[in-house]
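Written out below as structure tokens is the structure these notes cover.
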Amino acid sequence: MTIIPFPARSTRRYGDPVVTQAMSFEDEQDDAVRALAARLVAGDETALEEIYDRWSALVHTYALRALRDPHDAEDVTQQVFVAAWRSRHTLTPSPAALPAWLLGIARHKVADARAARARDADRVAAVVSLPGAHDGSDQSVDDDVAERLVVRQAVDELPDPRRTIMFLAFWEERSHAEIAETVGLPLGTVKSHVRRGLIKLHQQLEGVRHESR
Amino acid sequence: MSHADPDQLAGLALDPTDGPEDVRDHAATCPECAALLAAFTGVRRRAGADALVAPPARVRAQVLAEVRAGDPAEPAAPPVPDELARRRGVPLWLAAVAAALALLAGVGLGRWGTGGEGAPEAVVPPADTGTVVAAATLTALDSDADRGEASAVQSEDTFTIRVSATELGDAPGVREVWLIHVDGVRMVSIGLLAAGDDGEFAVPMELIDEGYRIVDISVEPDDGDPTHSGVSVARGELA
């Protein structure tokens, strides 16, 4: 996915040319996200509200999985969106930038929360002279969780019937023929939806990955 | 054959026995298509996460309350009617520029725009330092490493972008300065860093008005291709 989609001769830095061509569909949605990001950068509070409404579940679920504590997850969610507002000038509007940026902030806030826990644990450990009790959390596990959640949200946001078809195919593991029967569409149409859906999910994920680097 | 259609690769990712034989053969030998196929397979494997859990409604209220209570990151913009700017959907700094322009017109120096025709070029820095109406901290793209700064300066009847960059690296080629639109799609070259890492570029005010606010410095090889090389070494948004 081309994240900094300006006329460039070489796409070495910005993604695979094959993928660039495949992403021309559903550009409209991308434009809407870009416009939303631009409004945030310009200081529009209603943009923050829209961004919160669209991505707070993603951030909250990520924090919940990473910290396994509802109270901490709520705190992190709040910190992420306040920090997003305060550092909005650093955001370069691009379709995948918003979720990637929010998840990037969330990663830091989760790390802060863990560090605070580790300090507390160390203090306790020091008192009872035990080695520090760090919760050996693994960043790659967190990243995998984040990616799964990004995919989940991307499917949630697909227009129907593609959304339903993707759920039946990927979540319920139904065959294309079964899906065709369930949704009452020709087999070829169902196949096409699943393929296009997969490409779209790939683009979303690549965008978030690229922006997260 | 040329590269496989992503659609067919997606089909292969869903069912390795699916699709024409030549596509399968190609995907098996072409590193690029194999990588895309692997990426699609990876996405498929990541599908299946439980539904996202929305935070309780009170978190939203707390976020908005905290945001409205204070904004320490707000740039120190010249005092302009805040509410007015917001209602019009105009960024604060832009309103400041507009105000400065109105002032200029008011004192009868309304010669603004005469420099707007033709290709923008580097100009000799005027003795007058002008008024900085917007500024950007330039950073590397892959990190927050400092790469200097850029500012938009209003001076008499000209509007210039001043770039003072640092540590742009020693990759072969010239350093070209661009303004990228906030829509992330459009861009325009405003000139080359001819000597060292500093430069000053007269630009038509309309550009900034339209949203070309992201200053970008690229490394351009000497290959006769006038488009952006895609290799950016510094970037920052005027605010």
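Letters A, B, ... mirror the listed sequences (proteins, then strands); counts begin at 1.
At distances below 3.5 Å, at least one donor-acceptor pair connects side-chain atoms of Trp171(A) with backbone N or O atoms of Ala49(B). Listed for the His60(A) side chain is a donor-acceptor partner under 3.5 Å among the backbone atoms of Val53(B).
Counting all heavy atoms, side chain and backbone alike, Arg46(B) lies closest to Glu147(A) at NE-OE1, 2.6 Å. A pairwise comparison of heavy atoms in Phe40(B) and Leu198(A) identifies O-CD1, 3.7 Å as the closest pair.
When the candidates Gly42(B), Ala39(B), Ala51(B) are compared by the number of heavy-atom contacts under 4.5 Å with chain A, Ala51(B) comes out ahead. Of the residues considered (Asp144(A), Val194(A), Val150(A), Thr61(A)), Thr61(A) shows the highest number of contacts with chain B, using heavy-atom pairs under 4.5 Å.
Other residues, nucleotides and ligands contribute over 12 non-hydrogen atoms within 6.0 Å of the CG atom of Asp160(A). A 6.0 Å sphere centred on CD of Glu181(A) holds no more than 12 heavy atoms belonging to other residues, nucleotides or ligands. More than 12 heavy atoms of other shown residues, nucleotides or ligands fall within 6.0 angstrom of atom CD in Glu173(A). More than 12 heavy atoms of other residues, nucleotides or ligands lie within 6.0 Å of CD in Gln62(B), so this atom counts as buried by the packing criterion. Applying the 6.0 Å contact sphere to CD of Glu178(A) captures more than 12 heavy atoms from other residues, nucleotides or ligands.
Only the backbone of Arg45(B) comes within contact range of chain A, with heavy atoms under 4.5 Å apart. If you measure heavy-atom distances from Ala13(B) to chain A, the contacts under 4.5 Å come from the side chain alone. Of the two parts of Asp53(A), only the side chain, counted from C-beta on, holds a non-hydrogen atom closer than 4.5 Å to a non-hydrogen atom of chain B. At a 4.5 Å heavy-atom cutoff, the contact between Arg65(A) and chain B is made by side-chain atoms alone. Only the backbone of Ala169(A) comes within contact range of chain B, with at least one heavy atom under 4.5 Å from a heavy atom of that chain.
Salt bridge absent: Asp50(B) and Arg152(A) never bring a charged side-chain N and a carboxylate O closer than 4.0 Å. No salt bridge links Arg60(B) with Glu74(A); every basic N to acidic carboxylate O contact stays at or beyond 4.0 Å. We find that Glu49(A) and Arg68(B) are joined by a salt bridge, their nearest charged nitrogen and carboxylate oxygen being less than 4.0 Å apart.
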* Asked: Given Val59(B) and Tyr52(A), is the side chain to side chain contact (heavy atoms under 4.5 Å, CB included) satisfied, shown in steps?
  -> CA-CA 10 Å; Val59(B) 179; Tyr52(A) 181 93; 3.5 Å; yes
* Criterion side chain to side chain contact (heavy atoms under 4.5 Å, CB included) on Phe170(A) and Val43(B), from CA distance to verdict -> CA-CA 10 Å; Phe170(A) 288 4; Val43(B) 175; 5.7 Å; no
* To do: Assess whether side chain to side chain contact (heavy atoms under 4.5 Å, CB included) is satisfied between Leu48(A) and Val67(B), documenting all intermediate values.
  => CA-CA 10 Å; Leu48(A) 179 69; Val67(B) 160; 3.6 Å; yes
* Run the side chain to side chain contact (heavy atoms under 4.5 Å, CB included) check on Gln78(A) and Glu66(B) step by step: do they pass? -> CA-CA 9 Å; Gln78(A) 182 175 341; Glu66(B) 201 172 332; 3.0 Å; yes
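For the atom pair CD1 of Ile199(A) and CG of Leu36(B), the computed distance is 7.5 Å after rounding to the nearest 0.5 Å. From His176(A), atom NE2 reaches atom CG of Asp15(B) across 8.0 Å, with rounding to the nearest 0.5 Å. Remark: His202(A) NE2 to Arg44(B) CZ distance equals 16.0 Å, nearest 0.5 Å. Note that CZ of Arg195(A) is 8.5 Å distant from CG of Asp5(B), once rounded to the nearest 0.5 Å. Atom CZ of residue Arg196(A) and atom CG of residue Asp7(B) lie 4.5 Å apart, to the nearest 0.5 angstrom.
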